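Remember, predicted model here, so these are calculated numbers, not experimental data. Values reported hereafter were calculated over all heavy atoms of this structure, with side chains retained and with hydrogens, waters and symmetry mates removed.
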Number of protein chains: 2
Amino acid sequence: MLKLSKKIEYGIQALQYMANNSGNVISAKEISEQLNIPYDFLSKTLQILNKNGIIVSQQGIKGGYILARDPKSTTVAEIIKALEENAIIVDCLAEDEENCDRINVCTIKNPMNKLQEKINYLLNNTTIAEFSEV
Amino acid sequence: MLKLSKKIEYGIQALQYMANNSGNVISAKEISEQLNIPYDFLSKTLQILNKNGIIVSQQGIKGGYILARDPKSTTVAEIIKALEENAIIVDCLAEDEENCDRINVCTIKNPMNKLQEKINYLLNNTTIAEFSEV
DNA sequence: AAAAATCGGACTATTGTTATCCGAATTAAT
DNA sequence: ATTAATTCGGATAACAATAGTCCGATTTTT
Ligand code: FES
Ligand code: FES
């Protein structure tokens, strides 16, 4: 398994939708209906993206969200991080490496790290803008 | 999340161990003890790798496993497939694409596929041999 | 015959993901 | 002021996937 969560998938799709409607405040309801994403789940996702600076919210009636930045400068890596997830392929590459109870028997850390860095490069170099270009 | 399963992680580490002891038949018990991997779980993993041609088993006392091929020609992508898992980042890129109930509202298939292909390239070009070079 | 190993199926425990619910706060329009 | 539409935020439930365990059968060497 090497799958992105629905939170990330929906998040990216929602950001893509917002990028394609830039200038307008878009409500969670609109995105939910247009993209057939469960409303409550999407709301949570957008709230997290707002909290972490990827989008800006406007509360109250007529409220909704707008992209905080140029789609060209928002990377998939940043979105994943903003959604409070990560893209780490094996436990031992997590920040708190000392935490891994396999550290003493681990013989794959270095080679796995090479692979990880290449994946990071891809995620750091794919932006929301690329999702807008259909 | 973009994590490899323990089955894959243990599998790769076990193959790496076998590559470093090539020529010898290695038992699941030995690998389990040396690498501190749960025996039953590892056994299952090795049996699947055997069934799908990555390693060759020898039954009975003095039995165990040997790599079926040159470590240089066994890729991570092949290992994942042999373990009957996959490395597909979003559902809609699975083989049975028609199966995805979001196909009609999906606006991310093409861009996600580009990312997927780049990841596939990495997995197809990383071999067990690279895990042996410490 | 015994011992040490693979084989294979079933099962359980644990965790992680996905989805839902509900009440509170905010804001615009009436 | 009131109402309506929205975001906010915490709790919880339903579901799925992962990880780990157990046990008996089979194979093969000694
Ligand atoms: S498995 Fe934790 S250090 Fe590699
Ligand atoms: S989400 Fe299934 S086709 Fe894209």
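- Side-chain polar atoms of Y39(B) and E33(B) form no donor-acceptor pair below 3.5 angstrom.
- Running 5' to 3' along DNA chain D, contacts with non-hydrogen atoms of chain A at under 4.0 Å begin and end at dA4(D) to dT18(D).
- Near DNA chain D, meaning a heavy atom under 4.0 Å from it, residues 51-58 of chain A has S57(A), Q58(A) in order of number.
- At a threshold of 4.5 Å between non-hydrogen side-chain atoms, the residues M112(A) and V90(A) count as touching.
- More than 12 heavy atoms of other shown residues, nucleotides or ligands fall within 6.0 angstrom of atom NZ in K6(B).
- I31(A) has its side chain within reach of I26(A): a pair of non-hydrogen atoms, C-beta onward, lies under 4.5 Å apart.
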Quiz item: For nucleotides 11-24 of chain C, read 5' to 3', which letter fits each nucleotide if B means a protein heavy atom sits under 4.0 Å from the base, S means only the sugar-phosphate is that close, and - means neither?
Solution: ------SBBBB---
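- Separating the CZ atom in F131(A) from the NZ atom in K109(B) is a distance of 14.0 Å, to the nearest 0.5 Å.
- The cluster map of Ile, Leu, Val, Met, Phe, Trp and Tyr, joined by side-chain heavy atoms under 4.5 Å apart, puts I66(A) and L15(A) in different clusters.
- The structure places NZ of K44(B) at 10.5 Å from NZ of K7(B), a figure rounded to the nearest 0.5 Å.
- Atom CD1 of I61(A) is separated from atom P of dT30(C) by 9 Å (rounded to the nearest Å).
- G63(A) comes within 4.0 angstrom of sugar-phosphate atoms only, judged by non-hydrogen atoms across all strands, and of no base.
- A donor-acceptor pair under 3.5 Å is formed between the side chain of E85(B) and the backbone N or O of M1(A).
- In this structure, E78(B) pairs ionically with R69(B), as a charged nitrogen and a carboxylate oxygen lie closer than 4.0 Å.
- The CG atom of N50(B) sits 17 Å away from the P atom of dA5(C) (whole-angstrom rounding).
- Across all their heavy atoms, I88(B) and Q116(B) have their closest contact at CA-OE1, 3.4 Å.
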